[in-house]
Amino acid sequence: MLRRKNYFKQLLLSLGLVLFAFIGLLGTITPVHAADNSLQRIKQKGVIVMGTSPDYPPYEFITKVNGKNKVVGMDVQVAQQIAKDLGVKLEIKQMDFDSLLVALETHKVDMVLSAMTPTETRKQSVDFSEPYYHARQSIIVRKQDKRLYKNKDSFKGKTVGVQTGSLQQNLANKQMKGTKKKGLTKVTDLILSLETNKIEGIVAEDAVAQAYVANDSRLASIDAGFDLGGDETGTAIAFAKHSDSLVNQVNQSLDKIKAKHLTKQYLASAGKYMATNTQNVSMFHYWTYFAKGIGYTLLITAIAVVIGIILGTLFAMGRLSKRTFIHYPAVWYIEFVRGTPLMIQVMFVYFGVGMLWNNIPAFFAGVVAVALNSAAYVAEIIRGGIDSVPTGQVEAARSLGMSHRDAMQTVVLPQAVKIIWPSLGNEFISLIKESSIVSIIGVTDLIYQLRAVQAATYRGVAPIAVAMIIYFIITFTLSRILNRAERKMQHD
Amino acid sequence: MLRRKNYFKQLLLSLGLVLFAFIGLLGTITPVHAADNSLQRIKQKGVIVMGTSPDYPPYEFITKVNGKNKVVGMDVQVAQQIAKDLGVKLEIKQMDFDSLLVALETHKVDMVLSAMTPTETRKQSVDFSEPYYHARQSIIVRKQDKRLYKNKDSFKGKTVGVQTGSLQQNLANKQMKGTKKKGLTKVTDLILSLETNKIEGIVAEDAVAQAYVANDSRLASIDAGFDLGGDETGTAIAFAKHSDSLVNQVNQSLDKIKAKHLTKQYLASAGKYMATNTQNVSMFHYWTYFAKGIGYTLLITAIAVVIGIILGTLFAMGRLSKRTFIHYPAVWYIEFVRGTPLMIQVMFVYFGVGMLWNNIPAFFAGVVAVALNSAAYVAEIIRGGIDSVPTGQVEAARSLGMSHRDAMQTVVLPQAVKIIWPSLGNEFISLIKESSIVSIIGVTDLIYQLRAVQAATYRGVAPIAVAMIIYFIITFTLSRILNRAERKMQHD
Amino acid sequence: MTEMLKVENLTKTFGENKVLRGIDGTVNSGQVIVVIGPSGGGKSTFLRCLNLLEKPTSGKVSFEGTDLTGLSEKALDDIREKMGMVFQSFNLFSNMNVLDNLTLAPKRVKNEAEAKAQTHAIELLEKVGLADKKAAYPDSLSGGQQQRVAIARALAMDPDVMLFDEPTSALDPEMVGEVLKVMQDLASDGMTMVVVTHEMGFARQVANEVWFMDGGNIAEKGTPEQIFDHPQNERTKDFLSKVLAQ
Amino acid sequence: MTEMLKVENLTKTFGENKVLRGIDGTVNSGQVIVVIGPSGGGKSTFLRCLNLLEKPTSGKVSFEGTDLTGLSEKALDDIREKMGMVFQSFNLFSNMNVLDNLTLAPKRVKNEAEAKAQTHAIELLEKVGLADKKAAYPDSLSGGQQQRVAIARALAMDPDVMLFDEPTSALDPEMVGEVLKVMQDLASDGMTMVVVTHEMGFARQVANEVWFMDGGNIAEKGTPEQIFDHPQNERTKDFLSKVLAQ
Ligand SMILES: Nc1ncnc2c1ncn2[C@@H]1O[C@H](COP(=O)(O)OP(=O)(O)OP(=O)(O)O)[C@@H](O)[C@H]1O
Ligand SMILES: Nc1ncnc2c1ncn2[C@@H]1O[C@H](COP(=O)(O)OP(=O)(O)OP(=O)(O)O)[C@@H](O)[C@H]1O
Ligand SMILES: [Mg+2]
Ligand SMILES: [Mg+2]
């Protein structure tokens with residue numbers, strides 16, 4: 001949480017007076033650089049330009065509204081209130097966080113709201129309003145349990161969830177000693193765990209907690225009450241230097257916002273945007289996610305099957321060969337691959353082969369692993385197909401004077417192909433399912449996308465169910481098509 | 001990183017003078033509470049007691065040395081240096097972080113080294129030495145690439161790795177705009193990605209970076225050079241109030257440590273402990289990990305197979321039943337389960353069923369999911385076995401006046417069992433492989449343990465290879481045993 | 001000469017395929033009926049309709065005066081007890097030895113005591129010349145031996161009628177004789193029998209009546225002499241010319 | 001009467017199992033040899049040793065003066081061209097229609113032109129009475145038709161000798177005649193033939209010599225009259241009594 005710097009509350013409080021006296025002293029020495037016409041300029045323009053880097057929900061972020069990208073978030077609502085109070089229109093300029101202060105100094109923007117902490121360094125180049133929001137740590141709980149818990153100390157003997165590697169994990173480890181912690185990577189998984197009673201609470205930054213609570217009527221949040229060592233985080237609005245009149249005016253708006261506790265509302269509505277109205281829209285809303293996942297899943301499977309058939313044919317030939325230096329490697333390969341889980345093969349290819357070969361992309365590694373796996377199974381299917389052609393067929397061919405090779409090519413293989421193709425179809429169908437494992441190395445297949453939908457909707461089970469049904473529809477449809485094709489072939 | 005609080009460097013620098021003047025002023029008013037005999041007391045005792053909460057590597061943590069638990073880490077080495085300089089012995093007391101300061105005030109311990117940040121709140125109740133370590137952010141790179149990079153800005157257009165949800169991710173997102181970030185959950189995976197050239201650097205806290213670098217000769221680290229907004233983190237030693245003489249003496253030791261850059265050495269040796277000498281020991285060292293994983297894998301599989309056979313028999317009977325209200329549900333269940341990936345079934349049971357039933361443990365959920373999955377396949381095996389008993393057998397029985405039920409029990413089922421048991425054996429073997437998927441919900445199976453070994457050894461591929469071979473040995477051995485048993489049965 | 005089996009206008013259809021197109025016939029007690037005819041003519045289906053292993057599409061099948069077509073499965077089980085059946089593919093229970101094959105149904109269906117069932121079984125095995133094989137499993141027997149056990153197994157239920165569906169056509173030629181011998185003995189003992197077979201010699205010697213089936217109909221019926229020496233129907237003539245040519 | 005095939009002290013062992021124990025015999029050009037004997041006696045194995053589909057364990061097999069046992073696979077391919085073989089289970093190439101079954105080997109082995117191969121094939125199909133089935137696939141033919149196609153297929157290579165392994169024992173009785181008829185015609189045309197069969201009528205009518213095989217030996221050889229009417233060997237007598245009894 002870098003933007004909103006911690007500072008020593010105690011220090012500031014105790015030194016507040018001295019500081020102001022000191023600054024006042026400096027102030028008498030410092031020359032007044034320019035006349036302060038900042039407020040006047042804005043009113044003349046009739047518009048106030050806000051600079052922001054919209055990649056920090058719930059403060060500011062981009063969402064699709066009626067198909068168009070729009071910057072939303074708490075900061076935007078604060079700015080809207082300010083513009084309203086000033087009687088001007090609000091214009092939003094997006095830029096990199098790094099460029100925001102430069103844009104202020106060069107008057108490209110009039111103010112910056114971007115979850116920015118008023119650090120001393122920054123204060124040297126820009127003016128700040130009063131902080132309008134202080135991030136706190138909260139604990140998300142189930143609504144019906146809210147009255148059971150007061151603060152972090154109410155969770156003794158229970159389990160709380162924390163995001164692995166987060167500030168909150170650290171806090172909980174240190175200050176919730178009698179409480180078991182369950183670390184998961186994704187906040188959505190934590191929410192899910194909470195709703196399924198696996199944990200009793202989730203330690204999260206207040207803004208995040210607010211967003212989730214606003215979005216899910218089964219949740220509530222309480223103040224964690226951590227001892228933050230006297231530190232606090234605050235967010236303020238930055239203005240160009242010497243904008244006292246504007247700053248003063250804005251501070252009045254901020255006072256109003258604080259008095260009315262509007263930030264809470266703002267966070268709630270930002271949370272709603274974050275969730276893109278998941279409460280009421282169905283999973284259909286996310287069909288692009290699922291469609292993309294299906295696409296990748298089918299693509300991976302199709303490529304893997306094609307490679308698998310080519311390699312599998314080679315391995316089958318190898319295994320059927322009488323030359324030991326071809327036969328045994330083929331046997332070993334087939335047996336080893338069939339004797340180990342695909343999951344570990346995917347890991348091995350991604351990390352192991354990636355060691356020899358720079359920059360192996362996850363998609364490529366996933367396809368290769370699935371294809372290499374499939375090759376072993378296809379090899380056995382092909383061998384089985386060849387074996388299942390009655391030996392009488394070869395003998396008849398040999399008795400006519402045809403060579404072994406000729407008999408294989410003209411009589412055995414064409415029949416074997418007809419025998420094995422339903423099995424190859426089944427292999428394709430089972431690869432559709434098996435390929436789900438590549439999601440562990442980050443390939444954006446259907447499973448990966450379902451997790452993305454979980455993250456976007458704050459709902460755990462619905463996306464799982466949808467993906468499950470999609471898988472079923474795909475495999476079921478394909479196997480029906482296969483069966484029909486097979487029956488048709490038999491009738492021909 | 002809560003313990004080491006951020007504070008405003010700039011603020012402190014600019015206000016330093018004023019602050020000291022102010023404190024000096026207060027000092028003249030404040031009465032001197034007690035005589036300072038702190039240094040003298042230590043020297044008389046001949047021992048200095050250090051309090052610490054050893055759960056924060058590389059600062060302090062517990063490791064096994066010659067089979068005994070021992071507190072090690074940078075802080076311990078700092079304390080040893082101090083004890084040596086004082087000419088006394090060092091005694092270490094472990095306690096909760098929360099109890100440390102109370103222990104100081106009640107003189108249970110003489111000093112506290114526990115990666116503690118000297119916050120103002122704490123300063124009200126204890127004295128602090130000068131900070132002896134300042135955490136910085138570093139970037140871990142491959143040793144041979146070290147000269148290519150100066151700081152964070154050298155990575156423009158490249159990819160760096162960050163731990164998902166970490167402070168470092170936030171930093172990199174904000175201040176390394178032209179650089180692609182790859183987020184992974186585990187530092188070990190990041191290290192692996194780095195060594196396999198998937199990423200060019202890893203942003204990590206300096207202490208962590210040092211530990212890894214010390215442990216792996218292929219790595220080096222450079223200062224990230226992040227703009228920390230004028231903040232810094234520092235770690236200092238806490239003493240009981242009014243221990244000026246002791247503090248002064250200790251500060252001298254700290255000056256020496258700083259002058260000689262000893263913390264760097266300390267971190268390196270802490271890193272070695274963290275890695276438990278992985279550089280030279282083989283994977284055999286971790287056989288307990290693998291053994292535990294094998295145990296869980298076999299246990300999950302065995303339980304799942306037993307449940308699978310019981311349920312599978314029921315489903316097979318259901319599918320063979322002529323009553324539609326039994327037949328169709330069985331068909332639907334079997335087809336649906338066989339049409340969806342086990343991975344998604346595991347997720348569904350863990351989260352979905354967990355929703356209805358409080359506190360479903362991961363192991364239980366994993367076993368249930370695998371068993372429910374297996375049941376569908378076993379049902380088809382059983383049905384296949386029954387189907388493959390020649391219809392003539394039933395007809396012969398019926399023609400003798402036996403009922404359908406009687407014919408099934410005395411003639412068909414005994415023959416079916418003989419036919420299916422090799423298939424059930426194969427199902428067991430393939431479940432050993434498939435059960436690897438339960439690792440995604442945190443069941444400590446072989447795959448999970450291999451990741452634990454990766455984490456402990458900082459080696460990526462070796463544990464994968466070892467686990468792969470273990471899987472192969474298990475499945476290969478079992479299938480040989482099965483084949484032999486099958487052949488023996490056929491001869492009987 | 002009481003009526004044992006009576007079939008009236010029996011038809012059987014598999015999907016679109018009319019396999020039996022209205023069969024009429026009577027089997028009197030003590031009679032041996034031999035059914036001959038080309039492959040696919042419906043002989044097996046007809047035989048299987050007699051003990052309702054196959055459910056007739058229409059028509060009546062009466063056994064000892066009872067119409068079987070309306071009976072429940074349970075009632076049918078009681079009827080089937082009295083109608084032994086021998087299959088082309090033997091169908092011995094492969095999970096049991098010879099003795100158990102013979103005693104299973106008497107014990108389970110007639111609730112016979114183990115000892116009684118065994119004594120009876122051994123008597124029957126002696127009759128078919130296989131008393132020494134009582135502990136053998138079906139797999140270890142020759143085809144001829146298996147078929148003789150199958151006959152003994154059917155006899156163990158003391159049936160009133162025996163149905164044979166090509167009992168020798170899966171056998172090596174030198175084993176055909178031993179099976180036909182057993183059947184001949186059975187006929188001499190007065191057993192009522194319906195036999196589907198291609199063994200014309202057997203038919204000539206043993207049959208009281210020969211039915212020629214073709215295309216789902218009984219095309220011709222008569223004594224062996226009538227059928228073999230003076231066939232009236234064209235198809236009968238054609239069939240016999242082919243089969244007897246060799 | 002030149003020597004076409006000559007077998008000297010032929011033995012064949014499968015693992016521990018001595019299947020052929022030293023066979024001697026000569027087949028002269030134009031002769032029809034019928035091999036009879038009980039199941040498992042080694043008849044099929046003997047036949048398969050003649051064209052080296054089965055590699056003899058010891059002994060000599062000479063075809064038109066050449067000893068085959070020492071030849072390479074390639075040389076054997078050229079020899080097998082001249083020895084047609086007909087199997088119990090027909091073994092028509094099920095992925096090809098009748099015409100392709102007949103033309104495949106002439107085209108690929110003898111490099112005959114498509115047109116020539118087809119003309120020859122159709123001639124042969126007419127000979128076996130199946131010219132109208134040239135476009136049919138094996139699956140759609142009756143057993144008798146399949147076996148006649150198989151004979152035509154072997155003839156398409158213009159073999160010097162034809163080997164038959166129980167060509168009629170997988171057939172329904174009424175189809176046996178049509179196949180035996182084709183074989184009889186072939187014999188009348190002067191084809192050298194070695195026929196394993198249980199059709200004693202055929203043996204009597206067509207064979208120049210009957211060999212009785214049992215337990216891996218040729219127990220008795222002679223004209224059909226000698227073997228069928230005056231068998232000398234005890235096992236021959238026993239076998240014939242069983243087979244001819246019916
Ligand atoms: N269960 C069945 N389902 C569908 N068709 C059947 C079934 N059983 C027999 N048929 C058909 O009924 C017809 C007569 O069959 P059936 O077995 O009664 O003839 P068959 O006279 O016994 O012949 P064969 O001498 O070959 O045993 C055949 O066309 C066969 O395909
Ligand atoms: N490929 C083989 N491997 C092992 N044993 C074999 C093989 N082929 C045949 N045999 C054995 O050789 C013996 C003779 O078999 P063969 O098929 O030659 O007898 P047959 O006289 O043709 O009998 P049938 O009349 O049943 O066809 C049998 O015991 C058989 O089990
Ligand atoms: Mg039949
Ligand atoms: Mg044979």
Separation between CG of Leu342(A) and OG of Ser436(B), rounded to the nearest 0.5 Å: 8.0 Å
Around Lys180(A), counting heavy atoms of other residues, nucleotides and ligands shown, do more than 12 lie under 6.0 Å from its NZ? no
Calculate, to the nearest 0.5 Å, the distance between atoms CZ and CD belonging to Phe472(B) and Glu335(A) respectively. 6.5 Å
How long is the straight-line distance from CZ of Arg338(B) back to CD1 of Ile429(A), given to the nearest 0.5 Å? 10.0 Å
Over all heavy atoms of both residues, which pair between Ile447(A) and Met347(B) is shortest? Give the atoms and the distance, please. CG2-SD, 4.4 Å
To the nearest 0.5 Å, what is the distance between CD1 on Ile464(B) and CD on Gln345(A)? 11.5 Å
Any side-chain heavy atom of Ile437(B) within less than 4.5 Å of one from Ile437(A)? yes
CE on Met343(A) to OG on Ser439(B), rounded to 0.5 Å: 4.0 Å
Is it the side chain or the backbone of Ile473(A) that comes within 4.5 Å of chain B heavy atoms, both, or neither? neither
For the student: nearest non-hydrogen atoms of Ala467(A) and Ile344(B), plus distance: CB-CD1, 3.4 Å
Between Ile474(B) and chain A, with a heavy-atom cut-off of 4.5 Å, which part of the residue counts as in contact: side chain, backbone, both or neither? neither
